[in-house]
Amino acid sequence: MDMADLGAVWLTLKLASVVTVLLLLIGTPIAWWLARTRSRLKGVIGAVVALPLVLPPTVLGFYLLLVLGPQGWGGQLTEALGLGLLPFTFPGLVVASVFYSMPFVVQPIQNAFEAIGERPLEVAATLRASPWSAFWSVAVPLARPGFLSGAILGFAHTVGEFGVVLMIGGNIPDKTRVISVQIYDHVEALEYAQAHWLAGGMLVFSFVVLLALYSLKQRGKGEAR
Amino acid sequence: MSTDTFLHARFRIERRDFCLDVDLTLPGRGITALFGHSGSGKTTCLRAMAGLEHAPGGRFALGDEVWQDDARGVFLPTHRRPLGYVFQEASLFPHLSVRRNMEFGQKRGGGSASVSLATVAELLGIAHLLDRRPASLSGGERQRVAIARALLTAPRLLLMDEPLAALDLKRKQEILPYLERLHDELSIPVIYVSHAPDEVARLADHLVLLDNGRVVASGPLMETLARTDLPPAFTDDAGVVLETTLARHEADHLSRLEFPGGAILVSQRPEALGSRLRCRIHARDVSLTRHRPLSSSILNILPATVAAIAATDTPGQVLVQLRMGETALLARITERSRRELLLEPGQPVWVQIKAVALLA
């Protein structure tokens, strides 16, 4: 591996970490709302969150490019806020990845909140816990496996993205050139040996992540008994 | 809290296939049993008291503390109501130890120092379990921890939703004595939901009968159980409860239990003289004669007066209410016997009690 490869690895890990943290912050309230609301909007919001599961990444990237570009309302907003334009920057990649990985974080957390049910929160209320306090002291600890799955999936999925990155981030070394793009470049240049290092690394990484996830689920089942 | 405080509960909740409509005034101390068959609205009523269920237009007050009065826009959310709630099934937080479960409500209950964790753990016999996880406890132990946890919030009202229903007979027997101790040591009112007549007979002071979302009777336990005008659903298993005092041990392995208006003999009891013992006498175990039987193997034959006679849902059978001083008794006899004995209200008779169930 050369410096460009290491740069891509470092950038990818940085991107995935930032995105995972942001998704836990943004995704948790969304998951809580989806798990507990009786609003008719639940279906709509749930579908919007799940869209990236079925959309080709290029579609998502295309619209984000339009919205965040100089003519889009998003772009005009970021310029008005003095942030400049986001496409082809690292923050732009972060924004795109947050959208793209959202369902992988929201759904496990939502499922975990739903599995807790109403009862523990009612119990907490009869023990004088305000809804805010019950959320932190009861719902979050009981949903811990969901948070772990969500974080792992969100991280891994961000590491593995390609289409959205290419559309919104382009291919700028140390700014937006992540591992998957770097592999693409190597293959284009017929540098198969270098491509192997990165591609093989991704394979092992993905396997280890999934292994961790499944053993986590297995343990969760054991504890529930 | 003075003894003349009382609870007022007025709720109306309409569901698709069910309607709860109650307006109750209950004593401010002792155990009130909400008794009824499943689907009668007991649990819904209890949840409304706790604020877990919002009955629009309802009112709930404990003495002069109003927790809900929708007419004046008052509705305290559950976590702002000083109550303890024990759910039917184990409701301990699985991620916390027994001690942390108990502290959960204690520290949020305003840090009241009036009840210490050690005292409550002692009262419920769980002091040795404090460092265990809920998953490693038996059903009975979990329920005792849940009761302790509720008490540690220093509640002014304790609500219990069939706390024994999920337990087998042995576990029930294990918890009942603790509940009786609570009864003796707590000065707060307890609302106890149950569909088990024996639990109610053993624990309750006041009885509310619910049927199909409506209150069919509400009054002191013994008086209410002795009523003959209840719906058939409740007269089927009719019987009274006597609150007796263990007065004497006889030489021939019998004990004499006295109550206002009479005394009965039972097999020798292990309790000390002067102990209060509740016993239940089923209407079907009581028979009547016009004259005192001169020779009978039945021990308990007492003079009484017929107070009322009512039909039952079984054709050919009637329920007779009898008075012995302050105490009332029920007898379930056939219509033919009533005719042949020429039984009428006001008539003196002799009561033969075939069996006495001691509730201890």
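In what follows, chains carry the letters A, B, and so on, assigned in the order in which the sequence lines appear, proteins first and then strands, with residues in each chain numbered from 1.
- Side chains of B/Arg80 and A/Ser130 form no contact here, defined as non-hydrogen atoms less than 4.5 Å apart.
- Within a 6.0 Å radius of CZ in A/Phe162, more than 12 heavy atoms belonging to other residues, nucleotides or ligands are found.
- When all heavy atoms of A/Ala129 and B/Phe104 are compared, the pair lying nearest together is CB-CE2, 3.8 Å.
- Applying the 6.0 Å contact sphere to CD of A/Glu114 captures more than 12 heavy atoms from other residues, nucleotides or ligands.
- Surrounding CZ of A/Phe205 are more than 12 heavy atoms belonging to other residues, nucleotides or ligands, all under 6.0 Å away.
- To the nearest 0.5 angstrom, A/Leu127 atom CG is 8.0 Å from B/Arg108 atom CZ.
- By the 4.5 Å heavy-atom criterion applied to side chains, B/His95 and A/Pro120 are not counted as neighbours.
- Interface remark: A/Ala134 contributes no atoms to any contact with chain B (heavy atom separation under 4.5 Å).
- Only the side chain of B/Phe87 comes within contact range of chain A, with at least one heavy atom under 4.5 Å from a heavy atom of that chain.
- In terms of heavy-atom proximity, A/Arg128 sits nearest to B/Leu83 at NH1-O, 2.8 Å.
- By the 6.0 Å contact criterion, NE2 on B/His195 is open, its count of non-hydrogen atoms from other residues, nucleotides or ligands being 12 or less.
- Within 6.0 Å of atom CG in A/Asp174, 12 or fewer heavy atoms from other residues, nucleotides or ligands are found, so the atom counts as exposed in its surroundings.
- Summarising the local packing, CZ of B/Arg100 is surrounded by 12 or fewer heavy atoms from other residues, nucleotides or ligands at distances under 6.0 Å.
- Applying a 4.5 Å heavy-atom cutoff, the residues of residues 68-79 of chain B that approach chain A are B/Thr78, B/His79.
- Residues that satisfy the side-chain contact (heavy atoms from CB on, under 4.5 Å) test with A/Thr12, not counting sequence neighbours, are A/Val159, A/Val178, A/Ile179.
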Name each donor-acceptor pair under 3.5 Å that joins a side chain in residues 150-158 of chain A to protein atoms two or more places apart or in another chain, with its distance.
from     : atom 1 : to       : atom 2 : distance (Å)
A/His157 : ND1    : A/Ser101 : OG     : 3.2
A/Thr158 : OG1    : A/Ser101 : OG     : 3.0
A/Thr158 : OG1    : A/Gly154 : O      : 2.7

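- Scanning residues 33-49 of chain B against chain A with a 4.5 Å heavy-atom cutoff picks out B/Arg47, ordered by number.
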